[in-house]
A.B. asks: 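Sharing a structure here in structure tokens format.
Along the sequence shown, the residues carry numbers beginning at 1.
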Amino acid sequence: MKKFWAGLLAATLMTGVLAGCSGGGEEAAADKKGTVKIGGIFDLTGGTGDVGTPYAEGEKAFFESIAGEDINGNKLELIGDDYAYKIPEAQKLYQKLKSKDKVAAILGWGTGDTEALRQQVAADKLPFISASYSENLKNIDESPYNFLAAASYSDQARSVLKWIKDNHTGGTPTVALIYNDTAFGKSPIEDAKNYAKENGIEIVDEQIVDLKTLDATSQLLNMEKKNPDYAIINQTWGATATILKDAKKLGLDTQFIGLNWATGEGLLPIAGDAAEGFIGVVTHAFPYEDLPGMEEVKKYVESKGEKLEDKNQKFIQGWVSAKIMVEGIKLAEDPTTGEGIRAGLEKISNLDLGGLAAPVTFTADSHAGTNQIRLAEVKNGKFEVFTDYIGY
């Protein structure tokens, strides 16, 4: 995969010398070829590379699908690289994208790096859509150039807790929280605890499990002492699979429910039959769903001699994030500047994504695109969606 991205980046650089647009404000302007550059901060080899790689592939695929098209008077180019989920590397890559590549907006990745960069992003006036759905990014005074393209982790947790309350029988539901010790892992925890307290749900335990762990037995044994009815997991596929396999070995009957990065096809081969009955938050569609928006994805994938069934939900997630960014560029009066693209994004109202994700709306007062999720359960080795879009 490293070779793939290195080759892709080299091919991009060899397509010609582009004097692209500046990273925001009045100085940004399209080059002589009318090319607007969008930056990409990817995790391909770091702690969240299991989900980060297909997500980045989806972003790149969307930009390739519109290559050569006139988008509001310009061609668009995505320039990105791997930062291996290390905040200092993200900061270096950001500076390169801004100063050397002169991008007009950025598609980012992690919570820690997105939050670390948000003041710089605001000062540089660079619209920033990342794969982080941190509640903190909703604060438009502190994050005026950040946009959330899916329900925040806190909104996901609140919606799960509401679903638990609405569907639980037999007294007060008890819940454990399992997460990793990163900004991403901890992001929804306090909001989840507050929502539970306000709505008659008892949080009885919390366990920290490392993103790269291969053994969660000790944490699960500690959790078992509290015997929670449910456990909400905020992890990616690797740690989630470890948790589910160890829970099965221990014979736990707790219902595990994962937030969006714990959910997806990549979980299934590593968790095996331990994934049966697992419930996951679905922010974006699975490629096997029969949805209007999937047609354009299928058309592109097949044009590359590939098959849609070989892609996964995180690929769709990356595709959608890129699509939303491009929609903002289409609506911008000046698509060559960060300020112009921000104004374009703020014109997006109830954007119909053809079922690939919940409709998204941004305004000058709110950059939280949606709070809607679906839920899916693993049955016979496959995620089956069992709710419409729900909130809290």
A.B. asks: So, taking the atom named CD in Gln372 and the one named OG1 in Thr387, what distance separates them when rounded to the nearest 0.5 Å?
C.D. replies: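 Answer rounded to 0.5 Å: 9.5 Å.
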A.B. asks: Side chain of Asp155, backbone of Ala151: donor and acceptor closer than 3.5 Å?
C.D. replies: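 It does not hold such a pair.
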A.B. asks: Inspect the surroundings of CD in Glu302 and state if more than 12 heavy atoms from other residues, nucleotides or ligands are less than 6.0 Å away.
C.D. replies: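 Buried by this count: over 12 neighbours within 6.0 Å.
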A.B. asks: Between Phe128 and Phe147, is the ring centre distance below 6.0 Å?
C.D. replies: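 Between Phe147 and Phe128, which both carry aromatic rings, the centre distance is not below 6.0 Å.
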A.B. asks: Under a 3.5 Å distance rule, please check whether Lys245 uses its side chain to pair with a backbone N or O of Ala274 as donor and acceptor.
C.D. replies: no
A.B. asks: Any side-chain donor-acceptor pair under 3.5 Å between Asp229 and Thr174?
C.D. replies: yes
A.B. asks: So does Lys311 pair up with Glu306, basic N to acidic O under 4.0 Å?
C.D. replies: yes
A.B. asks: Determine, step by step, whether Val160 and Val281 satisfy the side chain to side chain contact (heavy atoms under 4.5 Å, CB included) criterion, reporting the C-alpha distance in whole Å, the side-chain angles of both residues, the deciding distance to 0.1 Å, and the verdict.
C.D. replies: CA-CA 8 Å; Val160 167; Val281 166; 3.5 Å; yes
A.B. asks: Supply the atom-to-atom distance Ile390 CD1 to Ser159 OG, rounded to the nearest 0.5 angstrom.
C.D. replies: 5.5 Å
A.B. asks: In Å, rounded to the nearest 0.5 Å, how long is the span from CG of Asn139 to CG of Asp141?
C.D. replies: 5.5 Å
A.B. asks: Classify the angle between the aromatic ring planes of Phe278 and Phe383 as parallel (below 30°), tilted (30 to 60°) or perpendicular (above 60°).
C.D. replies: perpendicular
A.B. asks: Is the backbone N or O of Gly110 less than 3.5 Å from a side-chain atom of Ser130, with the two atoms forming a donor-acceptor pair by type?
C.D. replies: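 Not confirmed, Ser130 side chain does not pair with Gly110 backbone.
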A.B. asks: Regarding Trp109 and Thr48, do their side chains bring together a donor and an acceptor under 3.5 Å, going by distance alone?
C.D. replies: yes
A.B. asks: What I want to find out is whether Asp101 reaches Lys37 closely enough, with some N-O distance under 4.0 Å, to be called a salt bridge.
C.D. replies: no
A.B. asks: Do Asp113 and Gln91 pair up side chain to side chain, a donor and an acceptor below 3.5 Å, judged on atom types alone?
C.D. replies: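 Side-chain D/A pair, Asp113 to Gln91: absent.
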A.B. asks: Which residue pairs pass the salt bridge (Lys or Arg N to Asp or Glu O under 4.0 Å) test with at least one member in residues 143-152, sequence neighbours excluded?
C.D. replies: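 As it turns out, there is no salt bridge (Lys or Arg N to Asp or Glu O under 4.0 Å) pair with a partner in residues 143-152 once direct neighbours are skipped.
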A.B. asks: Do His367 and Tyr145 have ring centres separated by under 6.0 Å?
C.D. replies: no
A.B. asks: Judged by atom type as modelled, is there a donor-acceptor pair below 3.5 Å linking the side chain of Thr236 to the main-chain atoms of Ala262?
C.D. replies: no
A.B. asks: Which atom names give the shortest non-hydrogen contact between Pro359 and Asn350, and what distance separates them?
C.D. replies: CB-OD1, 3.2 Å
A.B. asks: Under a 3.5 Å cutoff, is there a donor and acceptor pairing between the side chains of Asn371 and Tyr392?
C.D. replies: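 Distance-only check fails for Asn371 and Tyr392.
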A.B. asks: Identify the heavy atoms of Ser321 and Glu59 that sit nearest to each other, and give their distance.
C.D. replies: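 Closest approach of Ser321 to Glu59, heavy atoms only: CB-OE2, 4.5 Å.
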A.B. asks: May I ask you to say whether Lys60 pairs ionically with Glu64, meaning some side-chain N is under 4.0 Å from a carboxylate O?
C.D. replies: no
A.B. asks: Is there a donor-acceptor contact under 3.5 Å from the side chain of Asp334 to the main chain of Thr336?
C.D. replies: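 Side chain of Asp334 to backbone of Thr336: a pair is present.
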A.B. asks: Under a single-linkage definition using a 4.5 Å side-chain heavy-atom cutoff for Ile, Leu, Val, Met, Phe, Trp and Tyr, are Tyr389 and Met294 assigned to the same hydrophobic cluster?
C.D. replies: no
A.B. asks: Phe62 and Tyr300: aromatic ring centres closer than 6.0 Å?
C.D. replies: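 No, ring centres 6.0 Å or more apart.
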A.B. asks: Please enumerate all residues that pass side-chain contact (heavy atoms from CB on, under 4.5 Å) together with Lys249, with sequence neighbours excluded.
C.D. replies: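 Partners of Lys249 under the side-chain contact (heavy atoms from CB on, under 4.5 Å) test: Asp246.
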A.B. asks: Would you mind checking if Glu135 and Lys138 are paired as a salt bridge, meaning a charged N to carboxylate O distance below 4.0 Å?
C.D. replies: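 Judged by the 4.0 Å cut-off on N to carboxylate O distance, Lys138 and Glu135 do form a salt bridge.
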A.B. asks: Any idea which heavy atoms bring Leu126 and Val103 closest together, and the distance?
C.D. replies: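 Between these two residues, the closest heavy atoms are CD2-O, 3.4 Å.
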A.B. asks: Under the side chain to side chain contact (heavy atoms under 4.5 Å, CB included) rule, what do Trp261 and Gln317 come out as? Steps first, then yes or no, please.
C.D. replies: CA-CA 10 Å; Trp261 293 114; Gln317 202 157 339; 3.4 Å; yes
A.B. asks: To check you understand the geometry: which heavy-atom pair defines the closest contact between Pro127 and Gly338, and what is its length?
C.D. replies: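 So the two residues come closest at CG-O, 3.2 Å.
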A.B. asks: Should Asp81 and Tyr83 be marked as a side chain to side chain contact (heavy atoms under 4.5 Å, CB included) after you check the CA-CA gap, both sets of side-chain angles, and the distance that decides it?
C.D. replies: CA-CA 7 Å; Asp81 207 350; Tyr83 79 109; over 6 Å; no
A.B. asks: So does Arg118 pair up with Glu142, basic N to acidic O under 4.0 Å?
C.D. replies: yes
A.B. asks: Residues in side-chain hydrogen bond (donor to acceptor under 3.5 Å, both in side chains) with Asp166, at least two apart?
C.D. replies: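 Testing Asp166 for side-chain hydrogen bond (donor to acceptor under 3.5 Å, both in side chains), a comparison that skips the adjacent residues, returns Lys162.
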A.B. asks: If you measure only the distance, is there a donor-acceptor pair under 3.5 Å linking the side chains of Ser132 and Thr114?
C.D. replies: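 Thr114 and Ser132 do not have a side-chain donor-acceptor pair below 3.5 Å.
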A.B. asks: Please answer whether the main-chain N or O of Gly185 pairs with a side-chain N or O of Asn234 as donor and acceptor at a distance below 3.5 Å.
C.D. replies: yes
A.B. asks: Hey, is Lys307 close enough to Asp310 for a salt bridge, meaning N to O under 4.0 Å?
C.D. replies: no
A.B. asks: Establish whether Ile41 and Ile87 are linked, either directly or via other cluster members, by ILVMFWY side-chain heavy-atom contacts under 4.5 Å.
C.D. replies: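 As far as the 4.5 Å side-chain criterion goes, Ile87 and Ile41 are not connected within one cluster.
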A.B. asks: Does a salt bridge link Lys92 with Glu89, judged by any charged N lying under 4.0 Å from a carboxylate O?
C.D. replies: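 Salt bridge between Lys92 and Glu89, a charged N being under 4.0 Å from a carboxylate O: yes.
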A.B. asks: Of all residues at least two apart in sequence or in a different chain, which pass the ring pair (Phe, Tyr, Trp, His ring centres under 6.0 Å) check with Phe315?
C.D. replies: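 In terms of ring pair (Phe, Tyr, Trp, His ring centres under 6.0 Å), with neighbours along the sequence ignored, Phe315 is linked to no residue.
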A.B. asks: Using a cut-off of 6.0 Å, state whether more than 12 heavy atoms not belonging to Asn167 lie near its atom CG.
C.D. replies: yes
A.B. asks: For Ala157 and Ala192, which heavy atoms make the closest approach, and how far apart are they?
C.D. replies: CB-CB, 4.0 Å
A.B. asks: Can you name the nearest heavy-atom pair linking Ile324 to Ile348, along with the distance?
C.D. replies: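 Looking at all heavy atoms of both residues, the shortest contact is O-CD1, 3.8 Å.
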A.B. asks: Please tell me whether Asn260 and Tyr153 have a donor and an acceptor in their side chains that are separated by less than 3.5 angstrom.
C.D. replies: no
A.B. asks: Sub-3.5 Å donor-acceptor pair from the side chain of Gln235 to the main-chain atoms of Leu259, do we have one?
C.D. replies: no
A.B. asks: For the pair Ile38 and Ile79, evaluate side chain to side chain contact (heavy atoms under 4.5 Å, CB included) and give the outcome as yes or no after the intermediate values.
C.D. replies: CA-CA 6 Å; Ile38 307 301; Ile79 299 174; over 6 Å; no
A.B. asks: With rounding to the nearest 0.5 Å, note down the distance linking OG in Ser187 to CG in Leu137.
C.D. replies: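 Here the interatomic distance stands at 8.0 Å.
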A.B. asks: In Å and rounded to the nearest 0.5 Å, what is the CG to OG1 distance from Asp50 to Thr240?
C.D. replies: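 Spacing of CG (Asp50) from OG1 (Thr240) equals 8.5 Å.
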A.B. asks: Test: side chain to side chain donor-acceptor pair (under 3.5 Å). Region: residues 279-296. Which pairs qualify, not counting sequence neighbours?
C.D. replies: Glu289-Arg374, Glu296-Trp319, Glu296-Lys323
A.B. asks: Are the side chain of Ser99 and the backbone N or O of Gln95 linked by a donor-acceptor pair below 3.5 Å?
C.D. replies: yes
A.B. asks: Could you state the interatomic distance from CD (Glu115) to OG (Ser134), rounded to the nearest 0.5 Å?
C.D. replies: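 The OG atom of Ser134 is 3.5 Å from CD of Glu115, to the nearest 0.5 Å.
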A.B. asks: For residues 198-215, dump all side-chain donor-acceptor pairs below 3.5 Å to protein atoms at least two apart in sequence or in another chain.
C.D. replies:
unit_1	atom_1	unit_2	atom_2	d
Asn199	ND2	Tyr195	O	2.8
Asp205	OD1	Gln207	NE2	3.4
Asp205	OD2	Gln207	NE2	3.0
Glu206	OE1	Tyr179	OH	2.7
Glu206	OE2	Lys193	NZ	3.0
Asp210	OD2	Lys212	N	2.9
Thr213	OG1	Asp215	N	3.2
Thr213	OG1	Asp215	O	3.0
Asp215	OD1	Thr217	N	2.8
Asp215	OD1	Thr217	OG1	2.6

A.B. asks: Within the side chain of Asn72, is there an N or O that forms a donor-acceptor pair under 3.5 Å with the backbone of Ala332?
C.D. replies: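 Checking the backbone N and O of Ala332 against the side chain of Asn72, a donor-acceptor pair under 3.5 Å is found.
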